[in-house]
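Below, chains carry the letters A, B, ... as their sequence lines are ordered, and counting in each starts from 1.
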Amino acid sequence: MTATDVSPAEPNHNLRFLEEVSAATAGVSRLEMCIQCGTCGGSCPSADDMDHTPRMLFAMIRAGMRDEALRSNTPWICVSCYHCVVRCPQDVHIADVMYTLKSMAVRAKLYRDAKAPEFSQTFVDAIENYGRSFEFGLATRHYLRHFPLRLPGMAPMGLGLLTKQRMSMTPHRIDGIDQLKAILARAKELELTS
Amino acid sequence: MTQYLFYPGCAMESSARAYAASLASVARTLDLDLAEVKDWNCCGATEYLGINLIPAYALIGRNLALAAQQAKQQNGSGAHTLVASCSACYLNLAKADHYMAERPVLGDRVNEALAVGGLGYKPGTLQIRHLLDVLINDIGISRIREKVTRPLHGLRVAPYLGCMVPRPDYDHRWSDHEQPDELDRVLRALGAEVIDFPLKSECCGGHMPQISPNTAFELIRRLLQGADQYKADLIVTVCPMCQMNLDAYQDETNRHFHTRYRLPTVFFTQVMGLAFGEDPGALGFGSEIVDARPALARIGTAPVAAEPSGAGPRAKAAGLPMPGRRPEERER
Amino acid sequence: MTTQPQDPAQPKEKIGVYVCHCGSNIAGIVDVAEVREWAGQRLAGRGVTVARDYKFMCSSLGQELIEKDIKEQGLNRVVVAACSPHLHEGTFRTACGRAGLNPYLCELVSIREQVSWVHTDKHAATDKAKAVVSGGVERVRHHTPLEPLRVAIHPATLVVGGGIAGIQAALELADAGKKVYLVEREPSIGGHMAQFDKTFPTLDCAACILTPRMVSAGNHPNITLLTWSEVTEVHGYVGNFTVKIKQRARHVKTELCTGCGICQEKCPKKVIDDVYEAGLGYRKAVYTPFPQAVPKYPVIDVENCTYFRKGTCRACEKLCPTGAIDFAQKDEVLTVQVGNIILATGFDLFNPQKVTQYGYGRLANVFTSLEFERLTNAAGPTNGAIVLRDGKTVPKSVGIIHCVGSRDRNFNNYCSAICCMQSLKFAHLVKERTGATVYNFYIDIRTTAKAYDEFYQRVLEEGTLFVRGRVAEVTDAARLPGEEGKLILQVEDTLAGKQRRIPVDMVVLSAGLQPRADAKATAQVFGLSCSADGWFIEKHPKLDPVATMTEGVFIAGCISGPKDIPASVAQGSAAAARVLSTIDKGEITLEPVRASINATQCSGCRICNTLCPFGAISFLEADRVSEVNPALCQGCGTCVAACPAGAISGTGFSNDQILSQIEGLLMLNMEYA
């Protein structure tokens, strides 16, 4: 099933990407309402580490700069603090657009740093297998692969979490895991894309 | 006594056991009846949404559907309050409820997926609230104050809510998006000295320790620096993720910046339990990585008259009059 | 041809139908030739004897077409299918009148606003246009000749609000020899302008240009100045309003008071002045708001006066050299007759405490624009010294934030119009008086009036630093070296594409303007309406900006939306001119389209009394029936539809007219035709 609720394809090539992003965003994105005031970029606690401020990213989306926008690390650095969302004078759903850009970058394999998408994927795999998150498995897999050098320094903390029973070495599987798997399988067929 | 449906979330079973234990104790003291949603699944945190959309909302939707079903069995209508203790869980549940209504195509597809599992959820059926909201608005400050047997005099606390409780606040439940005072009021009722912490709703870094550690360390450092400027003994939080980042990653942050912060971070239910006279061990104290005992030893001592260092003058400065806070305008 | 019992085959009406192209406005969507042809053929049985289409019916040639047909073909009804009656009903009625036909036998139906502008399907639009014409034809058959109402105009005028707009209007009228009642809620006239030090873009001293006007208004033989007063009730209609004004007790006998000021000096009770000093300074419990106040007489603020609260003190009474203090004075209600009303009640400042991230009310050195005006004013709490909240430290750096509470869906959507220029003025004043580094944070600079952009250039030359970005937050949480003890403005410099943290000593919030908190209540007293955001609605935003939908009630200044001083003054004069033209004519004519109540059918249920949006219906206690005041009635038809007894009918919108128009719209008349 590919039907979506977007209007017929915009003839102007540049606007197609904007439409695509809006269609794949939860809620109503209001991206077209952005007045480039920079409230988001000013509010962002992690802006210093971003390639582009959120505002610039929105301008790029409107300019149809698909590859550049999807390659930007900005959505991956977004910490979902929602400061920009509540302050935005135009009520743009900024944080949700960031999620959209991440999933589009994953699909198009356009991200430059694999850490974040792989972390998310590992997390998601655990949920799809058990129905709950599995921090121990997630942490070991992720840190061994991406941060082997941090491990010695983190050992006391990790040990602390284990001995203080703040991390379980075995995952908890929910009873309705088959039901959940079936729901997610169907949901994947119903994905909102343009 | 109202019964609430309760969605604990994964962290309550692992990294935030102290939150779970102390909540159980506080709920007993305050006659708060929390019925756990049976066989709930993970809310997806901030990860699932970055991979896909409909599956992420279907994942959350299963929890909403189960909760509404359970409520229907209890009271026949399915209308009920669903309480979450973790900020990310609270936001995800509220977000799914909100967006399934705002964008009907999303709601329809989520329900189409849920139908495969024999489930369904009509947006608006459940009222989704954070634990702190229920404690302050349903139980009330006066009830909390009544139960205090060991006031936390002498303890200087930094109230820290993090991001996802006061924002985006779809249902307009919080006093403010930037400087909400709910946690301050609870802590003051316990007798603690509450600092006017300007960073109370700033970000703890979320999953950044795993994605971009330097970003995370900077965000954690800001919070520690801020709490330290105000000479806080203890940071009090309402979210497992915030507690984890400030507590477990404090050492690494110190190493990264060559700083020496030692600021214990605990859950608000832990200090509530303490003020209600419960034994610290039963409240999960001791499971924090940065030891809270030196801070707890301050309880009962004379409070230090400490002014924040490095901060500009606040409301009480002499000279020209300050604008008055007009309380009626703060109610929305 | 079939015959209908109630509709004779040969109707006595001879109707002309005129279909306008309006250039391509109508003809681009509606096939006007087809509509014309259809009307000429299919509606012939309904009395249409002439049907024409024309490029611009409103042109002289178009009008002459109608006049010629009336004279030569003996038309006795006219239907014009064109634009909204709001625009050209008068044009075509007048044309009919010139040709000797009673103007009210002409009906204008809209096939532009209601058809061509709102549809894209040409076929469907053409069909709808036919239905609209058909409805007009059926309706016009029931029209009767009417005569306009004539109303005499009382030559006095009520002006509400003593700010610059109200003062201007009052002076224009008074100088023309007309009597004016100028009502002001505060103890003195002057309004917001009296709080300012300098006015942009010329930097004239506000007091120097305002106080002469205030004095003129205070001394003018034709102006009755009523300060410390509010209008409580308005009855009547254009030409004949009866107005009740509550004069609050001043507790000062104005006939004895010399304005010497001893009472204020000696009063022991100091109060924060939230009005004139914008909360930044103090006044006494007995006070005049400022030295040049007009009138010069003080008032006693009973809420704060020690004698009124506790029963002792009386310092002012004891020390007044002329014995002018009178604690026993009571509020009085004055009733006056006026022919016209001008409302100039101004604005409130947006309260920036709502924008929590800017820290106003929490961080001492964050100021509002009005507070800053008082700081710069030589008569203000610091005698014009720009200092921090401690009252002494001169800032070395100042950040000025534009658009606070404006252009923001969380607060007010609209642009407040004055903030850009006001912020530029502040930047200039800070530079001039302190030499401090000044930052202006803006989204867009809007300097659209005369000499405004030149002022922007001047401020740029003076070295003010402009950062294009809406400030995200103001915090005292120092993070980086150099931030300790400062207010830090965190902002994206959108032109550099970088987030910046700029530490300053003082922050000024250019807060927006918003409607008065009691605007809705005021609107109710005067029978006016406010838009969704609370500003009063003009009769026409472009072509009739100072009139309202209520005849005889005009508006001027910020009551209808944010305006700067030049625009407010222009509106004050404009409103006065509108009033003068009616006074000089002695009477005005009103549309005869009015409701009337058949007293024998009225059950006295009074449903219509509360429904009437113009307060035109009153209940006659003696006869137990309701009655419509024809001068107040605007012919909206609400009461006609609501009357359960069917006792109300409208001249020009009788049941016959409405029902037959509906029949026509539904093409039910095709059965007769």
Side-chain angles (χ1 to χ4, degrees), chain A residues 4-5 24-28 45-46 48-49 75-77 79-83 85-86 95 99-100 102-103 106 115-117 119-121 123-124 127 131-133 135 142 147 150 153-154 156-157 160-161 164-168 172 174-176 179-180 182-188 190-192, chain B residues 10 13-17 39-42 44-55 57-59 62 95 98-99 102-103 105-106 109-110 112-114 116-119 163-164 167-169 177 202-203 205-208 210-215 218-219 248-249 251-252 255 286-287 289:
Chain A
T4 64
D5 61 338
T25 301
V28 179
S46 46
D48 286 349
D49 296 328
W76 302 101
I77 296 295
V79 291
S80 302
C81 74
Y82 293 85
H83 255 129
V85 174
V86 296
Y99 285 123
T100 305
K102 285 201 253 189
S103 62
V106 168
K115 278 197 284 296
F119 179 76
S120 295
Q121 194 58 56
F123 191 94
V124 165
I127 298 172
R132 301 261 168 101
S133 79
E135 287 166 352
H142 187 73
F147 300 107
R150 273 174 72 196
M154 289 176 67
M157 180 265 269
L161 290 176
K164 291 168 193 287
Q165 295 184 331
R166 291 181 60 180
M167 203 150 59
S168 167
H172 175 118
I174 63 169
D175 298 337
Q179 180 198 42
L180 178 63
I183 291 172
L184 295 177
R186 180 75 184 116
K188 283 174 189 170
L190 294 167
E191 190 57 289
L192 273 186
Chain B
C10 303
E13 299 189 320
S14 52
S15 62
R17 274 175 197 280
D39 205 41
W40 54 271
N41 55 259
C42 172
T46 53
E47 307 310 323
Y48 219 140
L49 280 167
I51 300 277
N52 50 35
L53 185 75
I54 303 294
Y57 280 86
L59 183 81
R62 179 174 177 272
K95 190 179 233 189
H98 181 76
Y99 284 154
E102 181 177 302
R103 187 107 180 273
V105 67
L106 176 75
R109 295 209 184 166
V110 167
E112 212 176 320
L114 291 175
V116 176
L119 296 172
C163 328
M164 294 178 183
R167 289 185 302 272
D169 190 18
H177 293 148
E202 295 293 313
C203 178
H207 70 179
M208 283 299 152
Q210 287 78 39
I211 309 290
S212 173
N214 291 355
T215 307
E218 169 61 16
L219 297 180
Y249 290 98
D251 275 348
E252 225 182 335
R255 274 200 304 282
S287 69
I289 304 285

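B:Pro213 has its side chain within reach of A:Arg150: a pair of non-hydrogen atoms, C-beta onward, lies under 4.5 Å apart. Side-chain contact between A:Val85 and B:Arg167: absent, with no pair of heavy atoms (C-beta onward) separated by less than 4.5 Å.
Comparing A:Val86, A:Thr100, A:Asp49 by heavy-atom pairs within less than 4.5 Å of chain B, the highest count is held by A:Val86. Note on B:Val116, B:Leu49, B:Asn214: by heavy-atom pairs under 4.5 Å with chain A, the leading option is B:Leu49. Counting heavy-atom pairs under 4.5 Å between each of A:Pro75, A:Gly153, A:Pro117, A:Ala95 and chain B puts A:Gly153 at the top. Counting heavy-atom pairs closer than 4.5 Å to chain B, the top-ranked of the candidates A:Met154, A:His83, A:Lys102, A:Met157 is A:His83. Taking chain B as the reference chain and counting heavy-atom pairs below 4.5 Å, the highest number among A:Gly176, A:Ser46, A:Ala26 is found for A:Ala26. The candidate from B:Ala113, B:Gly205, B:Ser212, B:Cys163 with the greatest count of non-hydrogen atom pairs under 4.5 Å with chain A is B:Ala113. By number of non-hydrogen pairs under 4.5 angstrom with chain B, the leading residue of A:Gln121, A:Lys188, A:Gln179, A:Lys115 is A:Gln179. Counting heavy-atom pairs under 4.5 Å between each of B:Ser15, B:Gly117, B:Ala45, B:Gly118 and chain A puts B:Ser15 at the top.
Among all heavy-atom pairs drawn from B:Cys42 and A:Phe123, the shortest one is SG-CE2, 4.0 Å.
Using a 4.5 Å cut-off between heavy atoms, A:Ile127 contacts chain B through its side chain alone, with no backbone atom that close. The parts of A:Asp175 that come within reach of chain B are both its backbone and its side chain, each placing non-hydrogen atoms under 4.5 angstrom from that chain. Neither the backbone nor the side chain of A:Pro156 comes within less than 4.5 Å of any heavy atom of chain B. Heavy atoms of A:Val28 lying under 4.5 Å from chain B belong to its backbone as well as its side chain. When heavy atoms are compared at a cutoff of 4.5 Å, A:Gln165 approaches chain B by way of both its backbone and its side chain. Only the side chain of B:Leu219 comes within contact range of chain A, with heavy atoms under 4.5 Å apart.
Taking a cutoff of 4.0 Å between a charged side-chain nitrogen and a carboxylate oxygen, A:Arg132 and B:Glu13 qualify as a salt bridge.
Proximity of a side-chain donor or acceptor of B:Arg109 to a complementary backbone N or O of A:Leu190 within less than 3.5 Å is detected.
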Determine, stepwise, if the pair A:Ser103 / B:Asn52 fulfils side chain to side chain donor-acceptor pair (under 3.5 Å).
CA-CA 5 Å; A:Ser103 62; B:Asn52 50 35; over 6 Å; no
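For A:His142, the side chain to side chain contact (heavy atoms under 4.5 Å, CB included) test picks out A:Phe119, A:His146, A:Phe147, B:Gln210, with sequence neighbours left out.
Of the residues listed (B:Ile51, B:Leu53, B:Thr46), the one engaging A:Tyr99 in a side chain to side chain contact (heavy atoms under 4.5 Å, CB included) is B:Thr46, and it is the only one.
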